[in-house]
Amino acid sequence: MTVEPVSPLRRRMIEDMTIRQFGAKTQTDYVRVVRDFSAFLGRSPDLAEPEDLRRYQLHLASAGASPAKMNAAVSGLRFFFKITLARAELGARLATVRTPERLPVVLSPEEVASLLHCAPSLKYQAALSIAYGGGLRVSEIVHLKVADIDSARMLIRVEQGKGRKDRYVMLSPDLLDLLRAWWRAARPRGWLFPGRDPAQPISTRQLNRACHAAAAAALDKRVSLHTLRHSFATHLLEHRTDIRVIQVLLGHKKLDTTAIYTRVALKTLGKVQSPLSLLRSPAPA
């Protein structure tokens, strides 16, 4: 297998990202963005001119690139020009694209129960139950350790979640019983949900596959693990949990991110009285 040589420019960019402790995925994405731009340019990206950036964005848009892909290119190229090349004025010329705002898919409590019941095994039932019972992201679930389950305080510790922040979420008695059943069956050590190699955690891909299999058996709709997180937040809101508490449980940096659930909490919306109902009929003449 041949190993692609790393140019001094790419090495410097990787070093710049390492200094800032960017995650492995972010580093891979940013390097790919600059590589694609260089391929379009036909020469080293450090020789780019302002018009080259405009032509590249027009190329992406004409090829039907999604807003997410367009904005990912902007993020990677801005870092490259601002930090690695110290040419911030070039990156500033890149245009970001407004992304369509879509409401998340939310399951009813009955649908959640059906999905969990159809999980392929006890291991996956426990993992999916954490997604709904604690609102965890799939990346947070797979990195849970046995020691993160605090049965004395009835809490789950989420270590270094998104944004490199630790947080705690609630541990319900039913979820604790399920996790204990899983522990008695498998006796995991270290990782709560080990992969095929016990020294490594289960992969996000495996967990997503299990979720899709359970959804296919139980429901007639597209469901992902993130759907369970959305349902967790929405159901809490429908039970009048303070939105700032939900924000902390989800690990959201901004309240605006959490506020989207006010638009899908149908039980809450249904209890709001329309101003039309407050109008009094005019007295008869």
Side-chain angles (χ1 to χ4, degrees), residues 4-104 136-140 142-143 158-167 203-205 208 224-226 229-230 247 250-261:
E4 182 183 0
V6 178
S7 69
L9 188 60
R10 181 182 298 184
R11 183 178 298 110
R12 182 177 178 84
M13 181 182 178
I14 293 173
E15 289 171 352
D16 289 336
M17 292 188 289
T18 302
I19 290 170
R20 289 156 181 80
Q21 298 188 353
F22 284 10
K25 184 179 185 305
T26 299
Q27 293 197 28
T28 300
D29 291 345
Y30 278 20
V31 167
R32 184 180 64 249
V33 162
V34 177
R35 185 180 64 236
D36 291 347
F37 173 65
S38 181
F40 167 82
L41 200 59
R43 61 182 188 275
S44 179
D46 60 334
L47 301 176
E49 298 296 334
E51 183 60 23
D52 294 323
L53 293 174
R54 180 181 179 278
R55 289 193 303 112
Y56 183 58
Q57 285 204 291
L58 181 60
H59 161 73
L60 291 177
S62 300
S66 67
K69 182 175 181 179
M70 295 280 289
N71 290 334
V74 169
S75 297
L77 290 173
R78 278 183 177 170
F79 178 88
F80 174 70
F81 285 112
K82 179 180 179 181
I83 304 301
T84 302
L85 296 184
R87 298 176 65 189
E89 72 283 355
L90 275 183
R93 300 175 68 94
L94 291 163
T96 55
V97 182
R98 184 186 293 272
T99 56
E101 188 173 326
R102 294 187 173 88
L103 295 177
L136 272 64
R137 303 174 178 91
V138 60
S139 60
E140 296 168 343
V142 300
H143 287 106
V158 182
E159 187 174 2
Q160 295 294 284
K162 188 175 181 180
R164 297 183 180 179
K165 295 182 295 185
D166 293 348
R167 73 181 191 278
S203 69
T204 57
R205 187 176 182 181
N208 275 310
S224 69
L225 263 161
H226 220 66
R229 176 173 159 89
H230 291 321
Q247 177 191 1
L250 292 175
H252 284 163
K253 184 177 181 180
K254 297 180 180 179
L255 185 60
D256 288 350
T257 308
T258 316
I260 192 173
Y261 296 111

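One is the number of the first residue; the rest follow in order along the sequence. Atoms considered below: every heavy atom in the structure, side chains included; atoms not considered: hydrogens, waters and symmetry mates.
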Counting C-beta onward and ignoring hydrogens, is there a side-chain heavy-atom pair between [X] and [Y] closer than 4.5 Å?
X: Leu53; Y: Phe81; value: yes
X: Asp36; Y: Tyr56; value: yes
X: Leu85; Y: Leu9; value: yes

Mind checking what makes side chain to side chain donor-acceptor pair (under 3.5 Å) contact with [X], not counting sequence neighbours?
X: Arg55; result: Asp52
X: Thr204; result: none
X: Arg11; result: none
X: Ser44; result: Asp46

Under the side chain to side chain contact (heavy atoms under 4.5 Å, CB included) test, residues paired with [X] that sit two or more places apart:
X: Leu103; answer: Ile260, Arg263, Val264
X: Ser139; answer: Arg137
X: Arg98; answer: none

Ring pair (Phe, Tyr, Trp, His ring centres under 6.0 Å) with His252: which residues, sequence neighbours excluded? none
Among residues at least two apart in sequence or on other chains, which ones pass ring pair (Phe, Tyr, Trp, His ring centres under 6.0 Å) with Tyr261? His230
Please table the atom pairs, donor to acceptor, closer than 3.5 Å between any side-chain atom in residues 23-30 and protein atoms at least two apart or in another chain.
residue	atom	partner	partner atom	Å
Lys25	NZ	Asp29	OD2	2.9
Gln27	NE2	Phe22	O	3.2
Thr28	OG1	Ala24	O	3.0
Asp29	OD1	Arg32	NH1	3.2
Asp29	OD1	Arg32	NH2	3.3

Expected list for residues 65-78: side-chain donor-acceptor pairs under 3.5 angstrom, two or more places apart:
residue	atom	partner	partner atom	Å
Ser66	OG	Lys69	N	3.1
Asn71	OD1	Val97	N	2.7
Asn71	ND2	Pro67	O	3.3
Asn71	ND2	Val97	O	2.8
Ser75	OG	Asn71	O	3.2
Arg78	NE	Gly91	O	3.1
Arg78	NH2	Leu94	O	2.8

Would you compute the distance between atom CD of Glu140 and atom CZ of Arg229 and round it to the nearest 0.5 angstrom?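 That separation rounds to 6.0 Å.
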Would you say the side-chain atoms of Arg10 pair up with the backbone N or O of Val34, donor to acceptor, closer than 3.5 Å?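 No: the side chain of Arg10 does not pair with the backbone of Val34.
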Heavy-atom closest pair (Met13 atom, Val31 atom, distance to 0.1 Å) is CE-N, 4.2 Å
Shortest non-hydrogen separation from Leu90 to Glu49 and the atoms involved: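 Minimum heavy-atom contact is CD2-C, 4.1 Å.
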Taking atom CZ as the centre, does Arg20 end up with more than 12 heavy-atom neighbours from other residues, nucleotides or ligands that are less than 6.0 angstrom away?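 Count over threshold, so yes.
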Name all pairs fulfilling the side-chain hydrogen bond (donor to acceptor under 3.5 Å, both in side chains) condition that reach into residues 79-88, sequence neighbours left out, sorted by first residue then second.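 Matches after skipping sequence neighbours: Asp16-Thr84.
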Residues Glu15 and Arg12 bridged, charged N to O under 4.0 Å: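 No salt bridge links Glu15 with Arg12.
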